[in-house]
Amino acid sequence: MLDFNTIINNIHNNLKHNVVKGVVASYIPELSKQDVNSFGIFMQHMDGRTFQAGDAEVPFSIQSISKVLSLSKAIAFEDNNLWTRVDVEPSGNPFNHLSLLELENGIPRNPLINAGAIVVADILCSQFKNPKEDFLQYVRDIANDQTITYNYKVAESERLTGFNNFAAANLLKSFDNLNNDVDVVLDFYFHQCALEMTCAQIAKTFYVFANSGKCINNIPHITVSQAKRINAIMLTCGFYDESGEFAFEVGLPGKSGVGGGIVALLPNHFVLTTWAPGLNAKGNSLLGMQALEQFTTQTNLSVF
Ligand code: GLN
């Protein structure tokens, strides 16, 4: 039997001494305050066991990891227009590129790049009565944790500097692919990205995708087929123009965020979360990618 505790702690101990740790995101000023030496790993096994190393219980800004959660809620609403308004193809482009959006008539390549997540945010703004409150409640429910909250400073920091996202939202609006006001949709989007969670909380939340749509309390939130589709989108689009590399090196569906978090999962087996704020050139956590690569190589546990 694999000794996950030793494997995870060895990976953590080896990587934490790496001199090259990547660069902390600074385009959202509040994120630049993160310590590049923070490093946590948390594993939630489906048999109930958990394993952790380092800063696994320190809250951080989940940023784009939230796009999977908003997508899952939009899918759960069974909005028939979802897949006519956003595609499911890898973009081969950075998370915030706008060029394809114009070429492709305002239909974002997938829901995990910014433009796609903004369309998903628009759907949630239409479907929810109180979008920010109701979305937070959804996340708390699938996490089985009522303490999860937004970091309002991070949301405000992103609003003040979110010129690229304002450009994306305005472009979407000009193509008639936003029903609500740009300011309303982006206010929701900046808050969802500003959700603050620990590696442990993220692993417990993403349990729902590893467990065919049932959360850690065994309550169904999405169907088996919806969970399968979300995992497929994470595998093909979860790391922007590094999605191929992540599948090649790690071999698991997953999602990264510019706060330095990565969550990856093997359906019916486990969810594994890492947090290390230093990013590589593609905006993905440098140590996190290495830790996950070492984990699947050493354990031989991947979808392939
Ligand atoms: N909130 C960030 C943005 O929209 C999310 C980007 C990310 O985590 N890749 O730019």
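Computation of the quantities below employed the complete heavy-atom set of this structure, encompassing side-chain atoms and omitting hydrogens, waters and symmetry-equivalent molecules. We're numbering straight along the sequence, starting at 1.
Remark: the backbone N or O of Gln137 is not paired with any side-chain donor or acceptor of Asp134 at under 3.5 angstrom. Of the possible donor and acceptor atoms, none in the side chain of Glu245 sits under 3.5 Å from a partner among the backbone N and O of Glu242. In this structure, the side chain of Thr198 engages the main chain of Gln201 through a donor-acceptor pair within 3.5 Å. In this structure, Asn81 contributes its side chain and Thr84 its backbone to no donor-acceptor pair below 3.5 Å. Under the 3.5 Å distance criterion, the side-chain polar atoms of Asp145 are matched with a main-chain donor or acceptor of Thr147. Thr161 places a side-chain N or O within 3.5 Å of a backbone atom of Ser157 that can act as its donor or acceptor partner. Panel note: side chain Glu196, backbone Phe60; no donor-acceptor pair is recorded below 3.5 Å.
Checking Gln294 against Asn10 by side-chain atom types alone, no donor-acceptor pair falls below 3.5 Å. Checking Gln290 against Asn18 by side-chain atom types alone, a donor-acceptor pair falls below 3.5 Å. Gln192 and Ser66 share a side-chain donor-acceptor pair at under 3.5 Å. Looking at Tyr189 and Ser70, their side chains never bring a donor and an acceptor atom within 3.5 Å of each other.
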| request: Determine, step by step, whether Asn9 and Asn13 satisfy the side-chain hydrogen bond (donor to acceptor under 3.5 Å, both in side chains) criterion, reporting the C-alpha distance in whole Å, the side-chain angles of both residues, the deciding distance to 0.1 Å, and the verdict. | output: CA-CA 6 Å; Asn9 277 284; Asn13 280 336; 5.4 Å; no
| Checking side-chain contact (heavy atoms from CB on, under 4.5 Å) for the pair Asn268/Ser212: CA distance, chi angles, key distance, verdict? | CA-CA 8 Å; Asn268 304 316; Ser212 306; 4.2 Å; yes
| request: Would you check, one step at a time, whether the test side-chain contact (heavy atoms from CB on, under 4.5 Å) holds for Leu301 with Leu2? | output: CA-CA 10 Å; Leu301 291 170; Leu2 287 163; 3.9 Å; yes
| request: Please assess Ser32 against Tyr27 for the test side-chain contact (heavy atoms from CB on, under 4.5 Å), listing each intermediate value before the final yes or no. | output: CA-CA 8 Å; Ser32 67; Tyr27 76 98; over 6 Å; no
| task | Please report the C-alpha distance between Leu136 and Leu195 in whole Å, then the side-chain angles of each, then the deciding distance to 0.1 Å, and finally whether the side-chain contact (heavy atoms from CB on, under 4.5 Å) criterion is met. | result | CA-CA 8 Å; Leu136 182 58; Leu195 272 172; 3.6 Å; yes
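Within the 4.5 Å cutoff, the side chain of Met197 has no heavy atoms near those of the Trp275 side chain. Two residues are said to be in side-chain contact when any heavy atoms from C-beta on lie closer than 4.5 Å; Met43 and Thr50 fail this criterion. For the pair Pro108 and Leu101, the minimum side-chain heavy-atom distance is below 4.5 Å. Between Leu186 and Ile118 the shortest side-chain heavy-atom distance falls below 4.5 Å.
The stretch residues 102-121 participates, sequence neighbours left out, in these salt bridge (charged side-chain N to carboxylate O under 4.0 Å, His left out) pairs: Glu104-Arg109. Pairs passing the salt bridge (charged side-chain N to carboxylate O under 4.0 Å, His left out) check and including a residue from residues 43-67, sequence neighbours excluded, read Asp47-Arg49. Counting only residues at least two apart or on different chains, the side chain to side chain donor-acceptor pair (under 3.5 Å) pairs with a member in residues 115-128 are Asp79-Gln127, Arg85-Asp122, Asp122-Asn180, Ser126-Asn180.
Partners of Ala203 by side chain to side chain contact (heavy atoms under 4.5 Å, CB included), not counting sequence neighbours, listed by chain and number: Phe42, Gln44, Val271, Thr273. Partners of His97 by ring pair (Phe, Tyr, Trp, His ring centres under 6.0 Å), not counting sequence neighbours: none found. Listed by chain and residue number, Glu249, Val250, Thr297 satisfy the side chain to side chain contact (heavy atoms under 4.5 Å, CB included) test with Glu293 (two or more places apart in sequence, or in another chain). With sequence neighbours excluded, the residues satisfying side chain to side chain contact (heavy atoms under 4.5 Å, CB included) with Asn211 are Met46, Tyr207, Lys214, Asn218. Residues satisfying the side chain to side chain contact (heavy atoms under 4.5 Å, CB included) criterion with Asn105, sequence neighbours excluded, are Phe175. Remark: Phe77 pairs with Phe128 by the ring pair (Phe, Tyr, Trp, His ring centres under 6.0 Å) rule, at least two apart or across chains.
Pro131 and Lys129 get closest at one heavy-atom pair: CD-O, 3.5 Å. Between Ser99 and Asn93, the shortest heavy-atom contact is OG-ND2, 4.5 Å. In this structure, Pro253 and Met234 approach most closely via the heavy-atom pair CB-CB, 4.0 Å. Gly22 approaches Val36 most closely through the heavy-atom pair O-CG2, 3.9 Å. The minimum heavy-atom distance between Leu252 and Ser302, with the atom names listed, is CD2-CA, 3.7 Å. For Cys237 against Ser243, the heavy-atom pair with the smallest separation is C-OG, 3.4 Å.
One finds the CD1 atom of Ile28 at 13.5 Å from the CZ atom of Arg159 (value rounded to the nearest 0.5 Å).
Using cut-offs of 30° and 60° on the angle between ring planes, the pair Phe246 and Phe239 is parallel.
Under 4.0 Å is where a charged nitrogen must lie from a carboxylate oxygen, and between Lys153 and Glu156 no such pair does.
Between Phe295 and Phe270, the ring centre distance stays below 6.0 Å. Checked against a 6.0 Å centroid threshold, the rings of Phe135 and His191 do not count as neighbours.
Other residues, nucleotides and ligands contribute over 12 non-hydrogen atoms within 6.0 Å of the NE2 atom of His45. Heavy atoms from other residues, nucleotides or ligands lying under 6.0 Å from CG of Asp176 number 12 at most. Remark: Arg140 CZ is packed, more than 12 non-hydrogen atoms of other residues, nucleotides or ligands lying under 6.0 Å away.
Val19 forms part of no hydrophobic cluster, judged by ILVMFWY side-chain heavy-atom separations under 4.5 Å.
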Between side-chain atoms of residues 255-267 and protein atoms elsewhere (two or more places apart, or another chain), which donor-acceptor pairs fall under 3.5 Å?
unit_1, atom_1, unit_2, atom_2, d
Lys255, NZ, Gly238, O, 2.9
Lys255, NZ, Tyr240, OH, 2.9
Ser256, OG, Asn284, OD1, 2.6

Below 3.5 Å, can you tabulate the donor-acceptor pairs from side chains in residues 162-172 to any protein atom, sequence neighbours excluded?
unit_1, atom_1, unit_2, atom_2, d
Asn164, ND2, Asn96, O, 3.4
Asn165, OD1, Asn114, ND2, 3.0
Asn165, ND2, Glu158, OE2, 3.2
Asn170, ND2, Phe166, O, 2.8

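Residue Leu71 forms a side-chain contact (heavy atoms from CB on, under 4.5 Å) with just one option from Ile233, Asn110, Ile123, and that option is Ile233.
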